[in-house]
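Everything below concerns the one structure shown next.
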Amino acid sequence: MYLVNRLSAGTARLATLAAPACLPLVVSAFAPGVAVTAIAWALAGVLSAYQMIANAAFVRAVPPERRGQGVGFAGAALVAAQGIGVLFTGPLADLLGPPVAIAVYRLAGTVAALPQAASWRRHEATSSRSDQS
């Protein structure tokens, strides 16, 4: 996270890190062994450092008088989403096995993140053009 913060150009890099953050764990489906699995999890962790940028951008976007409420709502939404994930992951893991369930959800996360990343990039490009005019 330290390096992402130091090397990042701010929110412009968010989409670049967020979209592939789930992808390394897709290898779980192939039972690659301990070394490859450890590298995949480490890489996923490194790519997940985008969350620091996203959290800071979120806090800056919420009006100061509403920040506590906004952060509380975001935390509650995260816990709810994680609970829903657990609700659906158990049956999928029972059906396909944990490594395949991890791969399915990580692939789904990547697919879901791609249009959001493209939207973020368009927003950044539009914002920078309007700032220059």
Side-chain angles (χ1 to χ4, degrees):
M1 287 187 184
Y2 177 78
L3 288 175
V4 167
N5 189 38
R6 289 287 164 221
L7 300 175
S8 172
T11 56
R13 300 268 188 220
L14 186 63
T16 306
L17 292 171
C22 293
L23 210 49
L25 297 187
V26 172
V27 303
S28 298
F30 306 106
V34 174
V36 173
T37 301
I39 291 168
W41 280 88
L43 183 57
V46 168
L47 292 171
S48 293
Y50 79 88
Q51 293 177 23
M52 180 177 59
I53 301 167
N55 289 341
F58 173 77
V59 169
R60 281 192 307 270
V62 177
E65 65 276 2
R66 298 277 187 186
R67 282 199 180 134
Q69 184 179 19
V71 170
F73 180 79
L78 177 62
V79 169
Q82 289 171 336
I84 291 168
V86 168
L87 179 70
F88 290 108
T89 302
L92 185 65
D94 283 344
L95 182 67
L96 302 175
V100 176
I102 291 169
V104 166
Y105 277 112
R106 291 310 197 153
L107 190 57
T110 300
V111 169
L114 289 173
Q116 295 172 17
S119 173
W120 186 268
R121 287 275 190 193
R122 282 193 304 274
H123 173 74
E124 287 291 319
T126 303
S127 295
S128 65
R129 277 187 291 216
S130 65
D131 290 344
Q132 293 172 356
S133 24

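Scope of the values below: all heavy atoms of this structure, side chains included, with no hydrogens, waters or symmetry mates. The structure presented is a predicted model; accordingly, all values stated were derived computationally and were not measured. Residues: numbered from 1 along the sequence shown.
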Tell me which donor-acceptor pairs under 3.5 Å the side chains of residues 81-94 have, and how far apart each pair is, sequence neighbours excluded?
unit_1, atom_1, unit_2, atom_2, d
Thr89, OG1, Gly85, O, 2.5

Fill in the blank from the handout: The remaining residues in the hydrophobic cluster of Val26, counting side-chain heavy-atom contacts under 4.5 Å among Ile, Leu, Val, Met, Phe, Trp and Tyr, are Leu23, Leu107
Practice task
Search all heavy atoms of Ala40 against all heavy atoms of Val27 and return the closest pair with its distance.
Solution key: CB-CG2, 3.7 Å
Handout entry: Within residues 67-77 or reaching into it, pairs that qualify as side-chain hydrogen bond (donor to acceptor under 3.5 Å, both in side chains) - sequence neighbours excluded
Key = Arg66-Gln69
Exercise for the section: Say whether Leu43 and Val36 are linked into one hydrophobic cluster, either directly or through other cluster members, by side-chain heavy-atom distances under 4.5 angstrom. Expected result: no
Practice task
Over all heavy atoms of both residues, which pair between Arg106 and Ala21 is shortest? Give the atoms and the distance, please.
Solution key: NH1-O, 4.5 Å
Exercise for the section: Supply the members, apart from Leu25, of the Ile/Leu/Val/Met/Phe/Trp/Tyr cluster built from side-chain contacts under 4.5 Å; use none for a lone residue. Expected result: Trp41, Ile102
Practice task
Please report the closest heavy-atom contact between Pro20 and Pro24, naming both atoms and the distance.
Solution key: O-CD, 3.2 Å
Practice task
Verify the cluster assignment for Val71 and Leu78: are they in a single hydrophobic cluster under the rule of side-chain heavy atoms below 4.5 Å apart?
Solution key: no
Completion exercise
Members sharing Val79's hydrophobic cluster, built from side-chain contacts under 4.5 Å between Ile, Leu, Val, Met, Phe, Trp and Tyr, are none
